Amino acid sequence: MRTGDQTLIKELNKNIIMNLIRNQSPISRAQISVESGLNKATVSSIVDEFIQEGLVIELGSVRSAVGRRPRMLGFNATAGYAIGVELGIDYVRVLTVDLAGRVVSSYESPLPTTDVRSVVAEIVNCINEEVTKTPQSKLGIIGVGLGVPGLVDFASGNVLYAPNLGWSDVPLRAYLEAHINLPVFIDNEANTGALAEQLFGVGTADENAVYFSTGAGIGVGIVLNHTLIRGSGGTAGEFGHMIVEARGLRCSCGSRGCLEMYASTRALVSKYTQLAGAAVPFDEIMHRLAVGEQNAIEAVDSVGRYLGMGISNVINGLNPSLVVIGNRLSEAGEYLLNSVKEVIHTAALGVPGSLARVELSSLGRNATATGAASLALNDYFQGPFPYAHAEPSRAGAR
């Protein structure tokens, strides 16, 4: 355990000052001193280091009622970049964000197989493709984060169980670090979506929020008191496997009647096929929904009502102020949202139900990958106290 030596104290001070600049720029050295309680000499010394590193830039002077004009400081978000990856059931989506979480480029590739080695190879290919498009910067790429549809041990980077991929006990981070000389962070894809909405999306003002990732399966990311909840084994939020039909359809997890069998993109395709008598892909259903086709509207309504049932249970149990519906099913927009809200109005208990806003993701298809990139950003700017309870290993220097 580290004690309060001078190096640790300086790291703490740098972390405090950096996060003030990141969150409140433009800001002056004097303002930083007041906000942090640190003396002006300490602030100036650390700020000068940040300027040398390229993380902070001087913006010029502003008028002051008394004394010298303060020189304002800004956070240089283009001093470096992070890469985020969303691993889907049949695709890989990769994007690059700057240090403020703004997407600068993205790339998506289909996954013809869920074979582990093939998937790892495709992820590496997609990351390399993004690297070639990333602008030159002083820090370069500071890390890579992945959101995976399954149970993940964040500390080890192992995928414990991903039924929709057919994976069990896959050391995914170790596999990737064999090819990528960067810090690699892996989490459940609903957790990364929740993180993205909390940091950059519709949930920035909410202390307690849940994020429903509605793709081929359903995962839920939970934020309580501004903290991402992973649970004692790192597997919290598997509400996609709550039972909504006691003798229902067999799920890939082995159980019957799980929510994701009735409220996912695959459930929507199945319901549409039942109504229309012909199977069409998800994207085509979204196109038909946009032009008001009745079968598409009814299929979305059915899926939305089951999703509303699941969300009602979560609202009753966790009492969030915000529920965000993200991932591919959210493309159904107001058709989906209206059905969800109608069920919540009758199924959720009065007090938690009335306090919870239900909204579509403001980050759309980029939420999961942006949140994954944020794992790398948070680690880089965390200072001596880790963002997560367990700190991933490093591969390569920053």
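Just so we're clear, the structure is a prediction, and the values are computed from it rather than from any experiment.
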| Any side-chain heavy-atom pair of N164 and R266 under 4.5 Å | yes
| Can any side-chain N or O of S312 pair as donor or acceptor with the backbone N or O of G308 at less than 3.5 Å? | yes
| remark: Closest non-hydrogen contact found for Y262 with C258 is CD1-O, 3.3 Å
| For the side chain of T368 and the backbone of G193, is there at least one donor-acceptor N/O pair under 3.5 Å apart? | no
| remark: By side-chain hydrogen bond (donor to acceptor under 3.5 Å, both in side chains), S330 pairs with (sequence neighbours left out) none
| query | Do M242 and V314 touch side chain to side chain, with heavy atoms closer than 4.5 Å? | reply | yes
| request: State, to 0.1 Å, how close V85 and A372 come at their nearest heavy-atom pair, and which atoms those are. | output: O-CB, 3.8 Å
| query | Do V104 and L55 share a hydrophobic cluster (ILVMFWY, side-chain heavy atoms under 4.5 Å, transitive)? | reply | no
| Min side-chain heavy-atom separation K10-T42 under 4.5 Å | no
| query | If you measure from the Lys or Arg side-chain nitrogens to the Asp or Glu carboxylate oxygens, is any gap between R93 and E189 under 4.0 Å? | reply | no
| task | For residues Y107 and N125, determine if any side-chain heavy atom of one lies less than 4.5 Å from a side-chain heavy atom of the other. | result | no
| request: Please check if the side chain of N208 supplies one atom and the backbone of N225 the other of a donor-acceptor pair under 3.5 Å. | output: yes
| request: Any chance you could measure D187, atom CG, to L375, atom CG, to the nearest 0.5 Å? | output: 5.5 Å
| task | Could you grab the distance from atom CG of L38 to atom OG of S44, nearest 0.5 Å is fine? | result | 11.0 Å
| task | Start with the C-alpha gap between K133 and E130, add the side-chain angles, then the distance that decides, and say whether salt bridge (charged side-chain N to carboxylate O under 4.0 Å, His left out) holds. | result | CA-CA 5 Å; K133 297 188 291 184; E130 270 302 288; 2.9 Å; yes
| said: Looking at every non-hydrogen atom in both residues, tell me the closest pair between L329 and T265 and how far apart they are. | reply: N-CG2, 4.0 Å
| request: List the atom of P149, the atom of A162, and the distance in Å for their closest heavy-atom pair. | output: O-CB, 3.5 Å
| note | K14 and F50 have their tightest heavy-atom pair at O-CZ, 3.5 Å
| Would a distance-only check, ignoring hydrogens and angles, find a side-chain to backbone donor-acceptor pair under 3.5 Å from Y211 to Q198? | no
| request: Verify, without hydrogens or angle tests, whether T214 (side chain) and G326 (backbone) share a donor-acceptor contact under 3.5 angstrom. | output: yes
| Among L360, V303, V323, L307, which residue meets the side chain to side chain contact (heavy atoms under 4.5 Å, CB included) test with V340? | L307
| query | NE2 of H226: more than 12 outside heavy atoms within 6.0 angstrom? | reply | yes
| Which value, rounded to the nearest 0.5 Å, describes the distance between S28 atom OG and R71 atom CZ? | 12.0 Å
| field | Non-neighbouring partners of T235 that pass side-chain hydrogen bond (donor to acceptor under 3.5 Å, both in side chains), sequence neighbours left out | value | none
| task | Could you walk me through whether M286 and L289 pass side-chain contact (heavy atoms from CB on, under 4.5 Å), step by step? | result | CA-CA 5 Å; M286 290 298 97; L289 180 70; 4.2 Å; yes
| Okay, side chain of D301, backbone of I297: is any donor-acceptor separation there less than 3.5 Å? | no
| message | I'd like to check D169 versus N158 (side-chain heavy atoms, cut-off strictly below 4.5 Å). Are they in contact? | response | no
| S264 (side chain) donor-acceptor with M261 (main chain) under 3.5 angstrom | no
| Spacing of L195 atom CG and E197 atom CD [to the nearest 0.5 Å] | 10.0 Å
| request: Return the minimal non-hydrogen interatomic distance between M309 and V343, and the atom names on each side. | output: N-CG1, 3.6 Å
| task | Apply the test side-chain hydrogen bond (donor to acceptor under 3.5 Å, both in side chains) to residues Y306 and E245: give CA-CA distance (whole Å), side-chain angles for both, the deciding distance (0.1 Å), then the verdict. | result | CA-CA 10 Å; Y306 273 108; E245 292 287 355; 2.6 Å; yes
| message | With rounding to the nearest 0.5 angstrom, report the CD to NZ distance, E298 to K271. | response | 8.5 Å
| task | Find out if a path of hydrophobic residues (ILVMFWY) with successive side-chain heavy-atom gaps under 4.5 Å connects I83 to L363. | result | no
| said: When you measure from the side chain of N19 to the backbone of N15, do you find a donor-acceptor pair of N or O atoms at a distance under 3.5 Å? | reply: yes
| query | Is E58 paired with R29 through a side-chain N to carboxylate O contact shorter than 4.0 Å? | reply | yes
| request: Check step by step if salt bridge (charged side-chain N to carboxylate O under 4.0 Å, His left out) holds for E342 and R305. | output: CA-CA 8 Å; E342 188 172 326; R305 289 181 179 279; 2.9 Å; yes
| query | Are the side chains of L322 and R357 in touch, meaning some heavy atoms are under 4.5 Å apart? | reply | yes
| Minimum side-chain heavy-atom gap E334-L337 below 4.5 Å | yes
| query | With the threshold set at 4.0 Å, does a side-chain nitrogen-carboxylate oxygen contact exist between E284 and R288? | reply | yes
| query | Do Y380 and L99 come close enough that some side-chain heavy atom pair is under 4.5 Å? | reply | no
| field | Distance in Å, E260 CD paired with L249 CG, rounded so as to fall on 0.5 Å steps | value | 11.5 Å
| query | Among V97, T96, D98, whose side chain to side chain contact (heavy atoms under 4.5 Å, CB included) with V103 holds? | reply | V97
| query | Should the pair F381 and F75 be assigned to parallel (<30°), tilted (30 to 60°) or perpendicular (>60°) ring geometry? | reply | perpendicular
| request: Group every Ile, Leu, Val, Met, Phe, Trp and Tyr by side-chain heavy-atom contacts under 4.5 Å, then state whether V300 and V280 land in the same group. | output: yes
| query | Is the side chain of D153 donor-acceptor paired with the backbone N or O of A155 at a distance under 3.5 Å, no angle test? | reply | yes
| Quick one: do the T78 and N76 side chains pair a donor with an acceptor below 3.5 Å? | yes
| query | Are V116 and L172 connected in a single hydrophobic cluster, I mean Ile/Leu/Val/Met/Phe/Trp/Tyr linked by side-chain heavy atoms less than 4.5 Å apart? | reply | yes
| Y91 ring centre to R365 NZ or CZ under 6.0 Å, with the angle to the axis within 45°? | yes
| Going by atom types alone, do E207 and S321 pair a side-chain donor with an acceptor below 3.5 Å? | no
| When you look at L111 and I89, which way does the side-chain contact (heavy atoms from CB on, under 4.5 Å) test go after all the steps? | CA-CA 7 Å; L111 272 183; I89 306 303; over 6 Å; no
| field | Hydrophobic cluster identity match, L151 and I218, side-chain contacts under 4.5 Å | value | no
| query | Going through the distances and angles, do S255 and I243 end up as a side-chain contact (heavy atoms from CB on, under 4.5 Å)? | reply | CA-CA 9 Å; S255 188; I243 305 302; 3.5 Å; yes
| Has Q52 got more than 12 heavy atoms of other residues, nucleotides or ligands less than 6.0 Å from its CD? | no
| said: Would the distance check show the side chain of S374 and the main-chain N or O of T370 forming a donor-acceptor pair, the cut-off being under 3.5 Å? | reply: yes
| request: Could you go through the side-chain contact (heavy atoms from CB on, under 4.5 Å) check for I311 and I325 one step at a time? | output: CA-CA 10 Å; I311 290 175; I325 302 172; 4.0 Å; yes
